[in-house]
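First up is the structure itself, then whatever we jot down about it.
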2 protein chains.
Amino acid sequence: MSDNENALSRLTIGKVSTMAGLPTKTVRYYADIGLVVPRGRSDSGYREYGHEELQKLRFVRSARSFGFSVDACRELLSLYEDNGRASREVKDIALQRLQEIEQKMQELKSLHRELSRVAQLCPGDDAADCPILSTFAQSPGELARIPTGSDVGSL
Amino acid sequence: MSDNENALSRLTIGKVSTMAGLPTKTVRYYADIGLVVPRGRSDSGYREYGHEELQKLRFVRSARSFGFSVDACRELLSLYEDNGRASREVKDIALQRLQEIEQKMQELKSLHRELSRVAQLCPGDDAADCPILSTFAQSPGELARIPTGSDVGSL
DNA sequence: TATAGACCTTCCAGTAACTAGAAGGTCAAG
DNA sequence: CTTGACCTTCTAGTTACTGGAAGGTCTATA
């Protein structure tokens, strides 16, 4: 692994982002916000990434694909650094995310139901009135609740 | 309706937003971006909304709750202004939205599947290694797709 | 009439997580 | 030695609001 180590400890941003499956812009952004910082800089100022940073970037990419926020990734990453500790905490975060996903799916389901209902009513005729529009113009409470910011807190 | 018309054509932002079920901040924002502009201003500079604007705000609220973007609302609203024309166009937009919702639901489903799988592997023990972390650190392509900005909606 | 407090105004800044683009430096190949 | 791909920093834009400050207005009550 010593050969590999040498080769992998001098990755430019382009290479590491390809290997991690992220846009360079994103990797640079992660460096800016201190999520995954390069191991160092070359004489000419190029960011240098090593194997560990590559791992972290892959980690972040995956966690993001699971819907974890960047802040959650930061948390996860620090646990990851602690290596093997705090399995409990990690699992808790995952379970919480799972619940959020379930709730989001519920919302999408009812959205889909409502929208397909009104869409079916619509004749799709150039001349005719469109029931979609009149459905939308009703007073609140008769339709799916709007998900606003204040909603989350109070309900 | 003349009494009503008079009463309803002098709604302040607080009243109209309550009646539409939106935060005042949001209604002000909609005015700023020209989505739903007040009918006029009082002597003291207060925004004045009428019945028609109330209808539009309700319309937007509903459409947004269906996941339509503000831009889509603008489009819908202009069709709505045309009143009864272009049923075809409205239906098209709705059907397109429907497809996007379906796709998003698919994504959430696979996300849920993967995450619950790795979460189940995790013992939730303070001492033990957490498989969630090692799962995340794998190379790209083995896991769910990453949702980038081009993705539908928010999570 | 004074004043409290509920409402309204504007403007500025911030959110999440990037993305786009400009202006310019660096590096390897031909 | 030049071309073109790569790298740098910087600013600004995206979506759809939300929060807050500083200050004007309106109304009810003491």
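For the numbers below, each heavy atom of this structure counts, side chains included, while hydrogens, waters and symmetry mates do not. All chains are named by letter (A, B, ...) in the order of the sequence lines, taking the proteins before the strands, and each is independently numbered beginning at 1.
- Mapping B/Lys25 and B/Asp71 onto DNA chain D by nearest heavy atom places B/Asp71 closer to the 5' end of the strand.
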Report task. Apply the test salt bridge (Lys or Arg N to Asp or Glu O under 4.0 Å) to residues B/Glu48 and B/Arg39: give CA-CA distance (whole Å), side-chain angles for both, the deciding distance (0.1 Å), then the verdict. Result -> CA-CA 6 Å; B/Glu48 284 176 349; B/Arg39 144 166 323 186; over 6 Å; no
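- Along DNA chain C, the nucleotide nearest to A/Ser69 and the one nearest to B/Asp32 differ in position, and the one closer to the 5' end is contacted by B/Asp32.
- A close approach under 4.0 Å does not occur between any side-chain nitrogen or oxygen of A/Tyr30 and OP1 or OP2 of C/dA17.
- When rounded to the nearest whole Å, the span between OH of B/Tyr29 and C1' of C/dA13 equals 15 Å.
- Between the NZ atom of A/Lys15 and the P atom of D/dC6 there is a distance of 10 Å, given to the nearest Å.
- Checked against D/dC7, D/dT18, C/dC27, the side chain of A/Thr24 finds its nearest nucleotide in D/dC7.
- Here B/Thr26 reaches the OP1 or OP2 of D/dT18: one of its side-chain N or O atoms lies under 4.0 Å away.
- Within the nucleic acid shown, A/Ser42 has no heavy atom closer than 4.0 Å to any nucleic acid atom.
- Computed from coordinates, the B/Leu57 CG to D/dA16 P distance equals 16 Å when rounded to whole Å.
- An OP1 or OP2 oxygen of C/dT10 is reached within less than 4.0 angstrom by a side-chain nitrogen or oxygen of B/Arg41.
- For B/Ser44, taking side-chain heavy atoms from C-beta onward, the closest of the listed nucleotides C/dA17, C/dA20, D/dT25 is D/dT25.
- Taking atom CG of A/Asp43 as the reference point, atom P of C/dT26 lies 11 Å away to the nearest angstrom.
- Pairing each heavy atom of A/Ser116 with each of A/Arg113, the nearest pair is OG-O, 3.1 Å.
- The nearest whole Å value for the distance from the CZ atom in B/Arg74 to the P atom in D/dT15 is 10 Å.
- Among the heavy atoms of the strands lying under 4.0 Å from B/Thr12 are primed sugar atoms or P, OP1, OP2 only; no base atom is included.
- In the set D/dG19, C/dT10, C/dA17, the nucleotide with an atom closest to the side chain of B/Arg47 is C/dT10.
- Atoms CZ (A/Arg61) and P (C/dC18) sit 12 Å apart, rounded to a whole Å.
- Here A/Arg28 lies in heavy-atom contact (under 4.0 Å) with a base.
- As judged by a 4.0 angstrom heavy-atom cut-off over every strand, A/Ile13 is placed among residues touching the sugar-phosphate backbone only.
- Across C/dT10, D/dG19, D/dC26, the shortest atom-to-atom separation from the side chain of B/Tyr46 is found for D/dC26.
- The two residues B/Leu22 and B/Arg61 come nearest to each other via the heavy atoms CD2-CG, 3.8 Å.
- Hydrophobic clustering (ILVMFWY, side-chain heavy atoms < 4.5 Å, transitive): B/Leu11 and B/Phe59 are in one cluster.
- The CZ-P distance, from A/Arg10 to D/dC7, rounds to 15 Å in whole Å.
- Under the 4.5 Å side-chain criterion, counting only non-hydrogen atoms from C-beta, B/Arg41 is in contact with B/Arg47.
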